[in-house]
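To keep things clear, I will list the structure first and then write my remarks on it.
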There are 2 protein chains.
Amino acid sequence: MSPTRIPEATVARLPVYLRALNSLLEGDTRTCSSEELATAAGVNSAKLRKDLSHLGSYGTRGVGYDVEYLRYQIAREIGLTQDWPVVIVGIGNLGHALANYSGFTSRGFRTVALLDADSARQGELVAGLKIRPFTELSAIVREHGVAIGVIATPAAAAQSVCDHMVDAGIRSILNFAPSVLTVPAGVDVRMVDLSSELQILAYHEQRKSAPATPDPLDPGVVA
Amino acid sequence: MSPTRIPEATVARLPVYLRALNSLLEGDTRTCSSEELATAAGVNSAKLRKDLSHLGSYGTRGVGYDVEYLRYQIAREIGLTQDWPVVIVGIGNLGHALANYSGFTSRGFRTVALLDADSARQGELVAGLKIRPFTELSAIVREHGVAIGVIATPAAAAQSVCDHMVDAGIRSILNFAPSVLTVPAGVDVRMVDLSSELQILAYHEQRKSAPATPDPLDPGVVA
DNA sequence: CTCAGTTTGTTCCCACGTTCACAAACTCTT
DNA sequence: AAGAGTTTGTGAACGTGGGAACAAACTGAG
Ligand SMILES: NC(=O)c1ccc[n+]([C@@H]2O[C@H](COP(=O)([O-])OP(=O)(O)OC[C@H]3O[C@@H](n4cnc5c(N)ncnc54)[C@H](O)[C@@H]3O)[C@@H](O)[C@H]2O)c1
Ligand SMILES: NC(=O)c1ccc[n+]([C@@H]2O[C@H](COP(=O)([O-])OP(=O)(O)OC[C@H]3O[C@@H](n4cnc5c(N)ncnc54)[C@H](O)[C@@H]3O)[C@@H](O)[C@H]2O)c1
């Protein structure tokens, strides 16, 4: 009974719930209350219940949730019952790490190709895959039905790589380059900016140590 | 005239504005309107103006913003006029990439130590720094006044590493391990979960290709 | 000086997200 | 079978954030 769209904030938390449920299953927990699951996921239990209610009514009042069943329902909602072919472009420091990351494959994603524009890198074997020329993107997307692309190139190349991805038919992009990407409607971009994360931490850190901002340039309350 | 707290959503965008301003400066732009800057940052111009108004009145009506001056003000607000010593714990695939990432150093952060529990890795030279034993954490934090720590260990070790960081005096943590961290009040944790990002993309991707959800188990509209 | 043109800072309103609190629905004991 | 104890799902209150729209403040020309 969920023909309605799921709120974006809820969607962003579903992967967290999925992780928590997997942890519980490893500990042989068959059933759990919203309180337990919320604690494991690090959220408020009311929020958890409301989130889950958007997917449907998968719990039992007075009892809780069947861990295995709920996990399946969330996985189905996200679309992890199939697995998604992914290409990674830009196999430098970060690209190598991503290619070697087992967490992607174990969570419904399959890296089908590693691409790089630098001919010196091509042919190198990373995590069992050969690095291939960027020009093969289009053929690879067609062959494997790739819908998701990861950009791990320098910022200067990101928009160009993005454009080629879109042309090739990729409709979802995960961007690690610190650069704003422009895409046509219908294409999703998610940006992961590690420097921004540190800067946000720095902002709060500064506020902790200096409760009263001195700032010699600021005249204070303008009288 | 900004003694008020800056909204969290605004804080999260300040790094983006900073990047955009740096780009403009490289292109020798001395002055810019909110419209220009908003486009460069990929946001709505009204939102940009409201964000900046939280920092103070740094623009000139009818003219726009002085790029250099605004950049300084944002940097000061975030706390990037000083630079922040950072330790990275867990120098595996991802830790290596982070250690080699120049984007951190160029944006006000200085990696002062790389730590790993695996004695086989210790002594290895990465990005000009020797990998040191995790047990030295406390001494390093004291010596350099480290306030920010990065966790790039497996999920199983993350909470333990986190606890040691907090004991050592670290009050801001960037966590790459897919694991919910419990910390005392006063400590900030930001989580970067790459698998979650892909899963969120997968959710939307699924909705694109299948406008009408079939789902043989669902009886559809309950009549 | 005045007026037209430009752009900021801010106000107002709406949509979304979070949290509390509670009725509805279940289990288990007696 | 009834009542006590649990726990879900949701309605309602509250807070935060986004965007349109506009007055205030500047520039520059005549
Ligand atoms: N290394 C990190 O930990 C880290 C952290 C945060 C963000 N980033 C960002 O991720 C991106 C990659 O970082 P990195 O350290 O791996 O850089 P890198 O220089 O080591 O690797 C970049 C790779 O992209 C390839 N490349 C360049 N232009 C290309 C193009 N047009 N098409 C295809 N491939 C191309 C290069 O040949 C190189 O192999 C950068 O934008 C960086 O800012 C990196
Ligand atoms: N590799 C990636 O691209 C990637 C992407 C997303 C998330 N992650 C997450 O980042 C983390 C690291 O990933 P990785 O691929 O680098 O793993 P890895 O196994 O290559 O590296 C982990 C490192 O942590 C060290 N370590 C283990 N326990 C420790 C402890 N208690 N104290 C200090 N150091 C310890 C290990 O010796 C090893 O060097 C994992 O949690 C992973 O899920 C990695």
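Separating the CD atom of B:E8 from the P atom of D:dG17 is a distance of 8 Å, rounded to the nearest angstrom. Between A:R5 atom CZ and C:dC16 atom P the separation is 7 Å, expressed in whole Å. The CG atom of A:L48 sits 12 Å away from the C1' atom of D:dG9 (whole-angstrom rounding). Rounded to an integer number of Å, the gap from OH of B:Y58 to C1' of C:dT7 is 19 Å. Per the geometry, NE2 belonging to B:H54 stands 11 Å off P belonging to D:dT16, to the nearest Å. Between the CZ atom of B:R49 and the C1' atom of D:dA25 there is a distance of 14 Å, rounded to whole Å. Whole-Å rounding puts the A:D66 CG to D:dT7 C1' distance at 15 Å. Rounded to an integer number of Å, the gap from B:I6 CD1 to C:dG9 P is 14 Å.
Side-chain to base pairing of A:K50 with D:dT10: no donor and acceptor N or O lie closer than 3.5 Å to each other.
Checking D:dA21, C:dG17, D:dA25 against the side-chain heavy atoms of B:R61 singles out D:dA25 as nearest. Which of C:dT18, C:dG17, C:dT7 sits closest to the side chain of A:R13 comes down to C:dT18. Out of C:dG17, C:dT8, D:dT27, the shortest distance to the side chain of A:A9 is found at C:dG17. Listed nucleotides: D:dG17, C:dT19, D:dC26. Nearest to the side chain of A:K47: C:dT19.
Atom CZ of A:R207 is separated from atom CG of B:D188 by 12.5 Å, given to the nearest 0.5 angstrom. Atom CZ of residue B:R19 and atom OG of residue A:S195 lie 8.0 Å apart, to the nearest 0.5 angstrom. Atom CD of B:Q82 sits about 7.0 Å away from atom OG of A:S209, to the nearest 0.5 Å.
Nucleotides of DNA chain C nearest to A:D51 and B:L52 differ in position, and the one nearer the 5' end is that of B:L52. Both A:A46 and B:E35 sit near DNA chain C, but only B:E35 has its closest nucleotide nearer the 5' end. Between A:S57 and B:T60, the residue anchored closer to the 5' end of DNA chain D is A:S57, taking for each the nucleotide with the nearest heavy atom.
Between D:dG9 and A:Y65, a contact under 4.0 Å exists linking OP1 or OP2 to a side-chain N or O. Using a 4.0 Å cut-off, no side-chain N or O of B:S33 falls inside it from OP1 or OP2 of C:dT7. Residue A:N44 places at least one side-chain N or O closer than 4.0 Å to OP1 or OP2 of C:dC20.
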- Task: Start with the C-alpha gap between A:V189 and B:L201, add the side-chain angles, then the distance that decides, and say whether side chain to side chain contact (heavy atoms under 4.5 Å, CB included) holds.
- Result: CA-CA 8 Å; A:V189 174; B:L201 284 175; over 6 Å; no
- Message: Please evaluate residues B:I200 and B:Y203 with respect to the criterion side chain to side chain contact (heavy atoms under 4.5 Å, CB included), reporting the C-alpha separation (whole Å), side-chain torsions for both, the decisive distance (0.1 Å), and the verdict.
- Response: CA-CA 5 Å; B:I200 294 167; B:Y203 170 82; 5.7 Å; no
